[in-house]
Amino acid sequence: MSTQVPGAPTHFIKDIINEDRKVNKNGGRVHTRFPPEPNGYLHIGHAKSICLNFGLAIDYAGKCNLRFDDTNPSKEEVEYVDSIMDSVRWLGFDWEDRLYYASDYFEQLYEYAEHLIRNGKAYVCHLTPDEIREYRGTLTAPGRESPYRGRPVDENLDLFRRMRAGELPDGRCVLRAKIDMASGNINMRDPVLYRILRATHHRTGDSWCIYPMYDYAHPISDAIEGVTHSICTLEFEDHRPFYDWVLDQLPVPCHPQQIEFARLNMTYTVLSKRKLLQLVQENHVAGWDDPRMPTLAGMRRRGFTPEAIRDFCDRIGVAKANSTVDFALLAHCLREDLNKRAPRVMAVLRPLRVVIENYPEGQVEWFDAENNPEDPTAGTRKIPFSRVVYIEQEDFLENPPKKFYRLAPGREIRLKHAYIIKCTGVVKDDKGEIVELQCTYDTGSRGGEAPDGRPIKVTTHWVSAEHAIGSEVRLYDHLFHVENPGEAADFLSCINPSSLTVLKDCKLEPGLASAAPGVFFQFMRQGYFTADPVDSMPGHLVFNRTVSLKDEWARVAKRMDSK
RNA sequence: UGGGGCGUCGCCAAGCGGUAAGGCACGGGUCUUUGGAACCCGCACACGGUGGUUCGAAUCCACCCGCCCCAGCCA
């Protein structure tokens, strides 16, 4: 499988790789890695990185590793590593036998640290966190050297070994690189390499009480794995000098090249792990896999397809300019994918009872219905028709405005695959609410064609009342009602109060009774739906709306409204 | 007043000195037993700005402006 369709755009990272191959750098090899920290669920932003890293490996017949960056046990959990593996697999990528953890390298990382100490490139510093910050200087003022910077090698070695041995309390001291406290790049002002931290690690348990920092562990992990191109996001750009410094000091097997690209931002959502975690912990959503979440788990549950997400990632491109992609592009990719393969079915979400008064009581006809006009091989199915049917409430208006072509008193519409009906009466309850429509059908219009060839402007979906099965349907809208909630002072105040609409009394055509999660349908004229993998079960069906169909009438109505 | 990046259509994004791709969105139309899909047409004399180099610049140079990131013992 390739993520790159023929003619797919190239980008600056491919340009770099092409140049590298031209001069036979790395023997022409391409080896990347996707390095998530297991401290949250993967989201659509990670999908961009996954598609990039695994996609490059596929395009250049190289390899891509999955490596967990698990150097901070206080934030990391196995639940997250499991969900991450699940999501990467679901997206369609395979790390084969190359599943790694930075924690696999703790011993090697430790030995390299001693190597740095022996070469006078690292020292144990007893400054407190506050002092370290103060000594670091500011963005515009250089830092000052730590009073511990000149410690002899033997003392550093002894202290570092005692740190590992657990002889010192958490936070008592750290191991620091000895570089340049006056550097304009703050990352080069003697960055911390190791801290003392007594936390149980999800893989190494309590065997370590010192843990390496990301900046130190990452380049070495890349080198150990033979990675050629270490792709990360823009905010690490000024960490690159340190990445290179580490590799230059150590007898590592190779020196990977770090390349930075702009992370994905998308309208109407947040893609920061901190904010997503907050949404989950404070119960603003029902969990990491809430269908409104931009997590891969949530999108999967909602009915997004991996194919659509990969297509989206191909289309957004890879560059260095910060950007916010329109959610509409993702929706477009979904519709395009689902349109080709989702079987059409009829489901009435907000039922309006229609009695066809000239249709014989007790009679049932079974019509052939095409499963997918986009796919002739999809075949047909039988659907039952009878005297009482449900149509969508919004398909009838007692006083239709201009350009509303659907049913109204005295008007005709076609019931898809069945008959042309005409509205002859409206039944209301005490409160004046419409509860039922009286109609007649054109007896000569079996299948939907008018005997005299008169044009019927609108065809609607419907369900036979006697045969319909009940279902709950959940409609989703953007979780946030503003385009850039991440930039708001309080993103929680931007939560869309109607991001979820639950409809309890929907009527589905009978064939849907056995619909399994993971199977996508187009509910005709409404959108794409799939059974909720968590809550749907025989006898209590629950469908999620993945994405609506485009709605020309809604657009027209809105335009008329604003006039 | 430090360091590192980035600025091409409403949103993405090609372009790598030879006279502005493509997608989404948007607008108009054809067709239609989904107001879906499909198809057709339109949509930057202009590339943050100003100078300069050149026969020729979005592409090279200079200066200016704007935006993003960095002062975790997070990643």
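In this text the structure is predicted, and so the values were computed from the model without any measurement. The figures here come from the full heavy-atom set of this structure, side chains too, leaving out hydrogens, waters and symmetry mates.
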Nearest-neighbour nucleotide for the [X] side chain, [options] considered:
{"X": "A/K416", "options": "B/C73, B/A13, B/U34", "value": "B/U34"}
{"X": "A/R559", "options": "B/G28, B/C11, B/G4", "value": "B/G28"}
{"X": "A/V192", "options": "B/U34, B/C12, B/C73", "value": "B/C73"}
{"X": "A/R525", "options": "B/A14, B/A25, B/U34", "value": "B/U34"}
{"X": "A/E237", "options": "B/C73, B/G4, B/A71", "value": "B/G4"}
{"X": "A/L329", "options": "B/G4, B/C24, B/A75", "value": "B/C24"}
{"X": "A/R406", "options": "B/A37, B/C73, B/G35", "value": "B/G35"}
{"X": "A/E235", "options": "B/G35, B/C26, B/A75", "value": "B/A75"}
{"X": "A/D238", "options": "B/A75, B/G2, B/C70", "value": "B/C70"}
{"X": "A/D326", "options": "B/A75, B/A37, B/C11", "value": "B/C11"}

Describe the nucleic acid contact of [X] in one word from base, sugar-phosphate, nothing, applying a heavy-atom distance below 4.0 Å.
{"X": "A/K340", "value": "nothing"}
{"X": "A/P373", "value": "base"}
{"X": "A/M188", "value": "nothing"}
{"X": "A/S183", "value": "nothing"}
{"X": "A/R176", "value": "nothing"}
{"X": "A/V325", "value": "sugar-phosphate"}
{"X": "A/D215", "value": "nothing"}
{"X": "A/H461", "value": "nothing"}
{"X": "A/I316", "value": "sugar-phosphate"}
{"X": "A/I132", "value": "base"}

* NZ/A/K320: more than 12 non-hydrogen atoms of other groups inside 6.0 Å ->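 More than 12 heavy atoms, drawn from other residues, nucleotides or ligands, come within 6.0 Å of this atom.
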
* Kindly label the base of B/G49 as syn or anti, based on whether its glycosidic torsion lies within 90° of 0. => anti

Expressed as a whole number of Å, how far does the [atom1] atom of [N] sit from that of [M]?
{"N": "B/A71", "M": "B/G4", "atom1": "C1'", "answer": "14 Å"}
{"N": "B/C16", "M": "B/U8", "atom1": "C1'", "answer": "14 Å"}
{"N": "B/G29", "M": "B/G18", "atom1": "P", "answer": "41 Å"}
{"N": "B/U50", "M": "B/A58", "atom1": "P", "answer": "12 Å"}
{"N": "B/C9", "M": "B/G52", "atom1": "C1'", "answer": "28 Å"}
{"N": "B/G49", "M": "B/C74", "atom1": "C1'", "answer": "40 Å"}
{"N": "B/U32", "M": "B/A14", "atom1": "P", "answer": "41 Å"}
{"N": "B/C41", "M": "B/G5", "atom1": "C1'", "answer": "41 Å"}

Using 30° and 60° as the class boundaries, would you call the ring planes of [X] and [Y] parallel, tilted or perpendicular?
{"X": "A/F523", "Y": "A/F521", "value": "tilted"}
{"X": "A/Y148", "Y": "A/H126", "value": "tilted"}
{"X": "A/Y211", "Y": "A/H201", "value": "parallel"}

* **Heavy-atom pair of closest approach, residues A/I44 and A/L264** => O-CD2, 3.7 Å

* Between A/R133 and B/G72, is there a side-chain N or O to OP1/OP2 distance below 4.0 Å? -> yes

Please confirm whether any donor atom in the side chain of [X] sits under 3.5 Å from an acceptor in the base of [N], or the reverse.
{"X": "A/Q526", "N": "B/U34", "answer": "no"}
{"X": "A/R315", "N": "B/G22", "answer": "no"}
{"X": "A/N185", "N": "B/G4", "answer": "no"}
{"X": "A/N322", "N": "B/C67", "answer": "no"}

* RNA chain B: A/H126 or A/A554, which has the more 5' nearest nucleotide? ->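 Result: A/A554.
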
* To do: Please tell me which of A/T460 and A/N72 maps to the more 5' nucleotide of RNA chain B, matching each residue to the nucleotide holding its nearest heavy atom.
  =>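 Of the two residues, A/T460 wins.
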
* Do A/D337 and A/R341 meet the salt-bridge criterion of a basic N to acidic O distance under 4.0 Å? -> yes

* Asked: Do the charged groups of A/E509 and A/R381 touch, with an N to O distance under 4.0 Å?
  -> yes

